[in-house]
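A note on names: the letters A, B, ... follow the listed sequences, proteins ahead of strands, and every chain is numbered from 1.
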There are 2 protein chains.
Amino acid sequence: MNMPKNPSSESLVFAVDLGGTHLRAALVDDAGRILNQLKQETPKGDSALCIVNALVKAAQQWESDKLPVVAASIMVPGAVDCKKAVVLQAPNLPSLVNFELKAELERRLGWPVFLENDANAAAVGEMWMGAARGCCDVISVTLGTGVGGGVILDGKLWRGSHGSAGEIGHTTVDPFSGLKCKCGNTGCLELFASATAIVRMTRENLSLVPESTLKSEELTAAKVYEAGRNGDELALAVFRRFGLYLGIGLANLINLIDPQIIVISGGAVNGWDLFAPEMYRQVEERAFRTTAQQVKIARAECGDNAGLLGAARLARTGLTGFS
Amino acid sequence: MNMPKNPSSESLVFAVDLGGTHLRAALVDDAGRILNQLKQETPKGDSALCIVNALVKAAQQWESDKLPVVAASIMVPGAVDCKKAVVLQAPNLPSLVNFELKAELERRLGWPVFLENDANAAAVGEMWMGAARGCCDVISVTLGTGVGGGVILDGKLWRGSHGSAGEIGHTTVDPFSGLKCKCGNTGCLELFASATAIVRMTRENLSLVPESTLKSEELTAAKVYEAGRNGDELALAVFRRFGLYLGIGLANLINLIDPQIIVISGGAVNGWDLFAPEMYRQVEERAFRTTAQQVKIARAECGDNAGLLGAARLARTGLTGFS
């Protein structure tokens, strides 16, 4: 069941952002418009069929009165074998691992089904409709609960030889920090430049800054940001530290891959005004000067829709040519 | 003056390794055999014409009694604009910077002329005739006076958006070491995993290990290696440290790019038996386990000829397709 090479522009893709907590689905047209959208809790349960059923129900409720749907494209937070369209690893969606998702959905929906890692889809979305429009060498860095990454070179996703390229969050930025990451490494970028890291770094230093308005209970990255905006010294120091490590990681990306643009997305990007000055300073000090001056570092523009848009685009184009 | 798409296999490429100290030239056939070879000092002087004259003389002395030469391919230790075939930056060959090397050589030799960075050429050489035969996603890491890198993805050189990808030696592996690199950054891999680093790390620690046979005078990486082979504790500690930082850098490469193979070359690779155990240990601890188990880390096989072979291959094929 292959998709036609050039699907009509008068057609839609059924795009799905299948998160561990929420499932979002949308119909996306050829111009990147999101025509319908729903968000619901991801069905829990031991069987992947609960998820398949929810997707089929969503697809069918929209099918009748719209342009023809030519493909379904699903993004998941985990490692994916895109050729076989099988989820290899997904800590938050264990029932999907090694399940024949493509075959089952194609049988039920009658459309070709594509599968992609969420960070890769977000990178494609930003290249298609967001901050990286017009670029072909793009690195996307998502600062959320963890830190994800997607790499596009020469207009095509670079997934790596074994499907695990772009793990920017698990490059080492402080090898002797003693801080252990859940990936097994110590000193990963994710330990310093994620929403989780903001909370941890704040909590660890509360006693050092007794005048801080922040309290140990119910700390969130958003509260730390608000405190920082109000001049709280502890919060400001935490975001500077966040920017410092992010800058080290980005400088490594620049010296190693030399992209046109690095697009920063995810919930923690809301703290941009507090972490960006130190981030830029590190990049300037650490990356090759003439290259760093040409590589753009920009905030994402598609928000939560980057992945949905990217998934739709991937189903519609030959962007997957590397794999 | 374009080269025919499929030059006859009964033809030769005039390949040149244009180093700051020595110039090596060779005739290379389509099977990767080096038919003639010469090595001489690189002409010094303010004018690039001294170098051009030496290359023309070398080319002409071989021209008469061989198969037809179809191209000249020059590798230089510096940043190159491959499209224009102009050297952008080369600290050890300042007269070549912005000189019309391609135009001048084509006029004098009558062959199309190609230009490439030395680390990139070495990566291609190892893919063609060395440790990475049969692979298409290759990272080459050269441990010499400094640390260089070349990246091949999907069979093509990835030079980056601004021609400076693959600068593995200038990725940060110890940001707070306080050690300043000549590139401007602190804590670069090159400061810990090069021949220069072996000498520095030994010298810095001589007083801590008074029983070491090594003396401050005339220290070289080769002498430290010999001492290590004879059980000298200081030398062994230096090579372990070398391996530790190299392993951190390679783990970052694996998590970010996920190649099939990493090929390690350069003079300092002679210390392999002393640094490799710690290098492998770091990769195992730091890179994603399932990926790291599949990425091969191998010693280069082409020795000093990797660059010459790669230059010849690049002139003959479409490997430059990315740029």
Side-chain angles (χ1 to χ4, degrees), chain A residues 79 88-89 135-137 139 149 151 153-154 156 158-177 181 183-188 244-245 248-249 251-261 282 284-295 321-323, chain B residues 79 88-89 135-137 139 149 151 153-154 156 158-177 181 183-188 244-245 248-249 251-261 282 284-295 321-323:
Chain A
L88 300 175
Q89 200 183 344
C135 298
C136 56
D137 306 326
I139 298 181
V151 178
L153 302 178
D154 213 26
K156 295 171 192 159
W158 174 251
R159 297 191 182 90
S161 290
H162 315 93
S164 71
E167 289 290 355
I168 293 152
H170 301 286
T171 57
T172 304
V173 290
D174 196 355
F176 310 119
S177 63
C181 183
C183 77
N185 188 11
T186 49
C188 287
L244 179 147
Y245 284 105
I248 294 171
N252 282 351
L253 283 183
I254 291 170
N255 280 358
L256 211 47
I257 301 184
D258 177 15
Q260 282 173 291
I261 185 168
Q282 291 295 322
E284 197 178 315
E285 283 187 6
R286 294 183 179 278
F288 275 26
R289 180 157 304 219
T290 51
T291 311
Q293 284 168 345
Q294 297 175 84
V295 177
F322 258 129
S323 65
Chain B
L88 300 175
Q89 202 183 343
C135 297
C136 55
D137 307 327
I139 298 182
V151 178
L153 302 176
D154 213 25
K156 293 170 194 160
W158 173 252
R159 296 192 183 89
S161 290
H162 314 94
S164 72
E167 289 291 354
I168 293 152
H170 301 285
T171 57
T172 303
V173 291
D174 195 355
F176 310 119
S177 62
C181 182
C183 77
N185 187 12
T186 49
C188 288
L244 179 148
Y245 283 104
I248 294 171
N252 282 351
L253 284 184
I254 291 170
N255 280 359
L256 211 48
I257 302 184
D258 178 13
Q260 282 173 289
I261 184 168
Q282 291 295 323
E284 195 178 316
E285 282 186 7
R286 294 184 179 277
F288 275 26
R289 180 157 304 220
T290 50
T291 311
Q293 285 169 342
Q294 296 176 83
V295 178
F322 259 128
S323 64

(message) For B:Gln294, I'd like to know if atom CD has over 12 heavy atoms of other residues, nucleotides or ligands within 6.0 Å.
(response)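 It does: B:Gln294 CD has more than 12 such atoms within range.
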
(request) Identify which of B:Gly166, B:Pro175, B:Gly184 forms the greatest number of heavy-atom pairs closer than 4.5 Å to chain A. (result)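 The residue among B:Gly166, B:Pro175, B:Gly184 with the greatest pair count is B:Pro175.
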
(message) Counting heavy-atom pairs under 4.5 Å with chain A, which one of B:Cys188, B:Ala79, B:Gly169, B:Pro259 comes out on top?
(response)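 The option with the most such pairs is B:Pro259.
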
(request) Can you label the angle between the B:His170 ring and the A:Phe288 ring as parallel, tilted or perpendicular, going by 30° and 60°? (result)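 Ring orientation of B:His170 relative to A:Phe288: tilted.
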
(request) Indicate yes or no: at least one non-hydrogen side-chain atom of B:Trp158 is less than 4.5 angstrom from one of A:Leu256. (result)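 With C-beta onward as the side chain, the pair stays apart.
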
(message) Taking the side chain as everything from C-beta on, heavy atoms only, tell me whether B:Thr186 gets closer than 4.5 Å to A:Arg286.
(response)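 Yes, their side chains come closer than 4.5 Å.
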
(request) Go through the atoms of B:Ile139 and report whether side chain, backbone, both or neither lie under 4.5 Å from a heavy atom of chain A. (result)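 Answer is neither: B:Ile139 stays 4.5 Å or more from chain A.
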
(request) Examine whether an atom of B:Gln260 lies under 4.5 Å from a heavy atom of chain A, and if so say whether it belongs to the side chain, the backbone or both; otherwise answer neither. (result)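 For B:Gln260, heavy atoms of backbone and side chain both lie under 4.5 Å from chain A.
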
(request) Would you mind telling me which of B:Thr171, B:Thr172, B:Asn185 makes a side-chain contact (heavy atoms from CB on, under 4.5 Å) with A:Ile248? (result)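 Checked B:Thr171, B:Thr172, B:Asn185 against A:Ile248; only one passes side-chain contact (heavy atoms from CB on, under 4.5 Å): B:Thr172.
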
(message) Name the residue from B:Thr290, B:Ile254, B:Val295 that meets the side-chain contact (heavy atoms from CB on, under 4.5 Å) definition with A:His162.
(response)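 Exactly one candidate clears the test, B:Val295.
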
(message) When you compare the side chains of B:Ser161 and A:Asp258, does any donor N or O come within less than 3.5 Å of an acceptor on the partner?
(response)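 Result is no, nothing qualifies.
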
